[in-house]
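Every number for a ligand or one of its atoms is a count from 1 in the order of the listing. For the numbers below, each heavy atom of this structure counts, side chains included, while hydrogens, waters and symmetry mates do not.
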Amino acid sequence: MTRFTRRTLLATSAALPLVAIGRRPAGAAEFTYKYANNLPATHPLNVRTGEAAARIKEATGGRVEITIFPNSQLGSDTDTLSQLRDGAVEFFTLSGLILAILVPVAAINGVGFAFKDYDQVWPAMDGKLGAFIRGEIDKRGLVAFENQYDNGYRQITSASKPIRVPEDLNGFKIRVPPSPLWTGLFTAFGASPTNINFSETYSALQTRLVDGEENPLAVIDAAKLYEVQKYLSVTNHMWDGFWMLANRGALEALPKDAQDIVRREFNRSALDQRADIAHLNATLEGALQQKGLEFIATDPAAFRAALKKAGFYADWQGKFGKQAWDVLEGAVGSLA
Ligand code: X2X
């Protein structure tokens, strides 16, 4: 027999959503979902997903309301990934390299210098490579929408010394996101990488826990990392994007037509956001220089050669496996 103490009663009532016991107030949405991400509200990711959320509300006649929580407000990336799996958060944009904690092959687009340019990136990620990764994500119980949002080509920043040649990375204390591929890449460069969530990155740089980090220009600008960094080396050492992930149960709880609208509008905003990032990539250098960053040109071929010499490509080919590696090479050519 279940005995109801005051405590269990309280716990039960606290856990019951109001909509389940009362009538829905006029004008309130039937589904109120949370979408979390790690970037400042000013970044195109938040601007464009905000537009998608507004269109979703409109197109579903107000039934589906998605509230955006930018800036890791609901927790760090690793934390939010758990919340997404639990259903505490319904949508989350996450780098495939971090998602690799759960779905190892999702890191494959981060292989150093794999994509020559965006003309290789989008056909691969919207095509076979992306489909392969989404299939693996699906096996782990999450849904990834078809079109990724852009994070961008990554550049190395430093507070202590300019990184000009690969040897400058020797022993360099650098923050990398929580991801085995990121650690592996910078270990192969001879650096000393530390895994730190983005939510802790500004303060880790400010307190000099680490000397540097690496990110695309749009993130460096939006998160004001130029305030705590001095040099920016243009290495383009990897391309990184964000998957729009959904908790499967939450997505499938929506009526079918609403599911289609959500998928369509998030995919559409991804294309808009890619154009924003392309524009920022082309225009931010001057703005960031004005904000105090000294730009340093590098020879990417020398950095790539250093990775090769350290056995990085052979190592990760083994880790990802032949099938996945073949799909990657099918898109970008031989990486040997
Ligand atoms: O954590 C980072 O550096 C960021 C913002 O680029 C990612 O989400 C991977």
Q | Trp182 neighbourhood, listing ligand 1 atoms whose heavy-atom distance to it stays under 4.0 Å | A | 9 (C)
Q: Kindly assign one of parallel, tilted or perpendicular to the pair Phe320 and Trp316, based on the angle between their ring planes and the thresholds 30° and 60°.
A: tilted
Q | Phe242 neighbourhood, listing ligand 1 atoms whose heavy-atom distance to it stays under 4.0 Å | A | 8 (O)
Q) In terms of heavy-atom contacts, does CD of Glu227 have more than 12 from other residues, nucleotides or ligands at under 6.0 Å? A) yes
Q: Just let me know how Glu200 lines up against ligand 1, side chain, backbone, both or neither, with a heavy-atom cut-off below 4.0 Å.
A: neither
Q. CZ of Arg274 to OH of Tyr149: how many Å apart, nearest 0.5 Å?
A. 9.5 Å
Q: Identify, by atom number and element, the atoms of ligand 1 in contact range of Asn151, meaning under 4.0 Å from any of its heavy atoms.
A: 4 (C), 6 (O), 7 (C), 9 (C)
Q: With heavy atoms of Asp240 as the reference, note each atom of ligand 1 found under 4.0 Å away.
A: 9 (C)
**Q.** Which residue and heavy atom of the protein sit nearest atom 8 (O) of ligand 1, plus the separation
**A.** Asn38 ND2, 2.7 Å
Q.
Regarding atom 6 (O) of ligand 1: of the candidates Asp77, Val176, Asn215, which has the closest heavy atom?
A. Asn215
Q: Verify the neighbour count for atom NZ of Lys319: are there more than 12 heavy atoms of other residues, nucleotides or ligands below 6.0 Å?
A: yes
(Q) I want to check something: taking the side chain as every heavy atom from C-beta on, are Val262 and Phe91 in contact at a cut-off of under 4.5 Å? (A) yes
**Q.** Glu213 to ligand 1, any heavy atom closer than 4.0 Å
**A.** no
Q) Would you say Ser95 has any N or O atom under 3.5 Å from an N or O of ligand 1, going by distance alone? A) no
(Q) Which heavy atom of Val105 sits nearest to which heavy atom of Ala324, and what is that distance? (A) CG2-CB, 3.6 Å
Q. Cation over ring, Arg304 on Tyr313, under 6.0 Å and within 45°?
A. yes
Q: Out of Glu214, Arg175, His43, indicate the one that has the non-hydrogen atom closest to atom 2 (C) of ligand 1.
A: Arg175
